[in-house]
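All values below were derived from every heavy atom in this structure, side-chain atoms included, with hydrogens, water molecules and symmetry-related copies excluded. Throughout, residue positions are numbered sequentially from 1 according to the sequence presented. All of these numbers come straight from a predicted model, not from anything done at the bench.
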Amino acid sequence: MTEAPETTAPQRYPFSDPDRLNLDPRYARLRRDEPLTRIRMPYGEPAWLATRHADVRTVLGDPRFSRAASVDRDEPRNTPRQQEGGILSMDPPEHTRLRRLVAKAFTARRVEQLRPRTREVAHELVDGMLAAGPPADLVAHLATPLPIRVICDLLGVPVTDQDRFHTWSEAIVSTTSLSPEQAQEYIDNLLAYMGELIARRREQPTDDLIGAMVRARDADDRLAEDEVVRLAAGLLAAGHETTVTQIPNFVYALLTHPDEWARLRARPHLVPAAVEELMRFVPLGASSAFARYATEDVELGGVLVRAGEPVVVSIPSANRDETVFAEADRLDLTRQVNPHLGFGHGVHHCVGAQLARMELQVVLETLIARTPDLRLAVPESELTWKSGLLVRGLVAMPVSW
């Protein structure tokens, strides 16, 4: 076990701007030679960066690494503002109190009940795309509206308001795409909108998730009013934003790996395994976020992390760890052993993982059935990628069939 020399200057991080779905080759070198390295992000204090699968799992799952400790620190981050993290900045038991309430809405059984309706929505949206004729934008016709309609049904949010809250949700994933003032305005708008919706639920109770949260708040004060508003707003934003991005990412990965796309078309029963492999292979995160702080001295990756030091993790790097995944840089839809960390790990494991899995499966199944000859309608070099966000994704995806 070693300690980093005091004279070692932290590396600038992120190492480079995102390049489509490619990972910076420095991650592979770090996994091999320096799995825990000192970095400095654009804002906040210096931190350790964990790149290996085992170390990332430890940081995400070991209670000696705390999210709550970030609240009073200059947390390493990509944006000048420090957001109030809500449930994402809590440790048990406070985190458990909030998560237990919403987790009931995202159980495997509840999600399976939503699958038939999700299929109906997917086919309806593809109907519209086919009617529009090629070339059509997969992002506008399918990837954006489907997750929004599903999360609206689950929470009890009017889908007619989607343009407003989808715009405001960008503040959750923005690094530099919005100014600090605009990001705060969007967050304030989203919270005010949710506060009004919750007030209406008190007057007209419903059986959706927001209605259940209001009843929990009013019946036994398990939730403070501000907690209800922030939790509901966070679920609305996170419940659609990442899946909106991952749908075109997945389709892009498949269309640029034509052998795997052909394999999936010929063997549609591989769709569940394909979703897991794509969760591993596609690096959704453009950078790391949500530092964990060591609450005591911890040995990690052969290095001593001192109590009070922050550690950020690279999930995309962990998902390409050659010691865990055979031919880690190859997309293999028949991969048998796949302990990917695409949905996180530990107490902050994505509460909506089952919902996202189901939506992604339905989308791939629908596209295989309805548009088996799907292809990019423009050269790959002409595709435009989002920038200034925590996530990688396409602005638009023109496709033909």
One pair to check against ring-ring contact (aromatic ring centres under 6.0 Å, His included): H340 and F281. What are the steps and the verdict?
CA-CA 9 Å; H340 70 79; F281 182 81; over 10 Å; no
Flag the pair E112 and R109 as a salt bridge only when some basic side-chain nitrogen lies within less than 4.0 angstrom of an acidic carboxylate oxygen. no
If you count every heavy atom of other residues, nucleotides or ligands that lies below 6.0 Å from Q113 atom CD, does the total exceed 12? yes
- Item | Candidate pair L49 and V313, rule side chain to side chain contact (heavy atoms under 4.5 Å, CB included), full reasoning | CA-CA 6 Å; L49 171 70; V313 303; 5.9 Å; no
To the nearest 0.5 Å, atom CD1 of I315 lies from atom OG1 of T51 at 13.0 Å
Handout entry: Donor-acceptor contact present, side-chain H345 to main-chain L341, <3.5 Å
Key = no
Please confirm whether the backbone N or O of G61 pairs with a side-chain atom of R292, one donor and one acceptor, at under 3.5 Å? no
Exercise for the section: Evaluate the side-chain proximity of F65 to L300: yes if any heavy-atom separation is below 4.5 Å, no if none is. Expected result: yes
Just by distance, do the side chain of S70 and the backbone of S66 share a donor-acceptor pair under 3.5 Å?
no
- T37-Q11 side chain donor-acceptor pair, cut-off 3.5 Å: yes
query: Is the shortest distance from a Lys or Arg side-chain nitrogen in R200 or E203 to a carboxylate oxygen in the other one below 4.0 Å?
result: no
**Q.** Side-chain donor or acceptor of D321 paired with backbone N/O of H53 under 3.5 Å
**A.** yes
Is the distance between the ring centroids of F290 and H348 less than 6.0 Å?
-> no
Correct closest heavy-atom pair for G344 and H349 would be O-CD2, 3.5 Å
Here the pair of heavy atoms bringing L390 nearest to A289 is CD2-CB, 4.3 Å
- prompt: So, do V56 and R52 sit near enough that their side-chain heavy atoms are less than 4.5 Å apart?
  reply: no
Using a strict threshold of under 4.0 Å (side-chain N to carboxylate O), is an ion pair present between D208 and R201?
yes
Taking the six-membered ring of F325 (Phe, Tyr or Trp), confirm whether the NZ or CZ of R280 is under 6.0 Å from its centre and within 45° of its axis. yes
I'd like to know if the side chain of R31 pairs up with that of S317 as donor and acceptor (distance under 3.5 Å, no hydrogens or angles considered).
yes
Nearest heavy-atom approach of F343 to A356 is CE2-CB, 3.9 Å
Would a distance-only check, ignoring hydrogens and angles, find a side-chain to backbone donor-acceptor pair under 3.5 Å from R67 to L88?
yes
Correct closest heavy-atom pair for A253 and V282 would be CB-CG2, 4.2 Å
To the nearest 0.5 Å, atom CZ of F250 lies from atom CG of L278 at 5.0 Å
Check your understanding: Between T96 (side chain) and P92 (backbone), is there a donor-acceptor pair under 3.5 Å?
Key -> no
- Taking T371 for the side chain and L374 for the main chain, is one N or O donor matched with an acceptor at less than 3.5 Å? no
Output for pair (W168 CH2, M194 CE), nearest 0.5 Å, gives 9.5 Å
Where the side chain of E277 meets the backbone of D332, is there a donor-acceptor pair that is under 3.5 Å apart? yes
Checking side chain to side chain donor-acceptor pair (under 3.5 Å) for the pair Y43/E75: CA distance, chi angles, key distance, verdict? CA-CA 8 Å; Y43 302 93; E75 182 178 0; over 6 Å; no
query: Would you call Y27 and R320 a side-chain contact if the rule is heavy atoms closer than 4.5 Å?
result: no
In this structure, CG of L235 is separated from CG of L231 (nearest 0.5 Å) by 4.5 Å
Q. Is the closest basic N to carboxylate O distance between R263 and D259 below 4.0 Å?
A. no
Q: Under the side chain to side chain contact (heavy atoms under 4.5 Å, CB included) rule, what do R12 and I39 come out as? Steps first, then yes or no, please.
A: CA-CA 6 Å; R12 174 182 169 273; I39 60 163; over 6 Å; no
d(E196 CD, D161 CG) to nearest 0.5 Å is 9.5 Å
Exercise for the section: Kindly determine whether L138 and L367 satisfy side chain to side chain contact (heavy atoms under 4.5 Å, CB included), including the steps that lead there. Expected result: CA-CA 11 Å; L138 189 84; L367 291 175; 4.3 Å; yes
### Message
Could you check whether E45 pairs with R77 (Lys NZ or Arg NE/NH1/NH2 to Asp/Glu carboxylate O, under 4.0 Å)?
### Response
no
Hey, are E380 and R20 close enough for a salt bridge, meaning a charged N less than 4.0 Å from a carboxylate O? yes
All heavy atoms of A171 vs all of I187, minimum pair found to be CB-CG1, 3.6 Å
Lys/Arg N to Asp/Glu carboxylate O, E365 vs R119, below 4.0 Å: yes
Smallest heavy-atom separation, N319 atom then G342 atom, equals ND2-N, 3.7 Å
Worksheet item: Would you say the side chain of L114 lies within less than 4.5 Å of the side chain of D153, judging by non-hydrogen atoms?
Response: no
Ion pair check, E309 and R73, cut-off under 4.0 Å: no
Output for pair (R370 CZ, L142 CG), nearest 0.5 Å, gives 10.5 Å
Would you check if V305 and D297 make a side-chain contact, meaning some heavy-atom pair closer than 4.5 Å?
no
Check your understanding: R99 side chain to V102 main-chain N or O, any donor-acceptor pair under 3.5 Å?
Key -> no
Salt-bridge contact R357-E276 (side-chain N to carboxylate O under 4.0 Å):
yes
Should L333 and L254 count as side-chain neighbours, where that means a heavy-atom distance under 4.5 Å? yes
Just checking, any donor-acceptor pair under 3.5 angstrom between side chains of S400 and R375? no
Spell out, as yes or no, whether a donor-acceptor pair under 3.5 Å connects the side chain of Q336 to the backbone of T334.
yes
>> Working note: R149 + L125, criterion side chain to side chain contact (heavy atoms under 4.5 Å, CB included); need CA distance, chi angles, decisive distance, verdict.
In response: CA-CA 11 Å; R149 285 173 63 170; L125 293 172; 3.9 Å; yes
What do the steps show when you test Y13 against S287 for side chain to side chain donor-acceptor pair (under 3.5 Å), and what is the final call? CA-CA 8 Å; Y13 188 78; S287 177; 4.6 Å; no
Discussion item. Quick check on D33: does its CG atom have over 12 non-hydrogen neighbours (other residues, nucleotides or ligands) under 6.0 Å away?
Written reply: yes
L197 vs P158 side-chain heavy atoms within contact, under 4.5 Å
yes
Does R392 make a cation-pi contact with W385 (under 6.0 Å, within 45 degrees of the axis)? no
Tell me whether the rings of H240 and F165 are parallel (<30°), tilted (30 to 60°) or perpendicular (>60°). perpendicular
L284 side chain near T242 side chain, heavy-atom distance below 4.5 Å: yes
Residues E225, R202; criterion salt bridge (charged side-chain N to carboxylate O under 4.0 Å, His left out); working and verdict = CA-CA 12 Å; E225 186 71 14; R202 286 202 170 89; 2.6 Å; yes
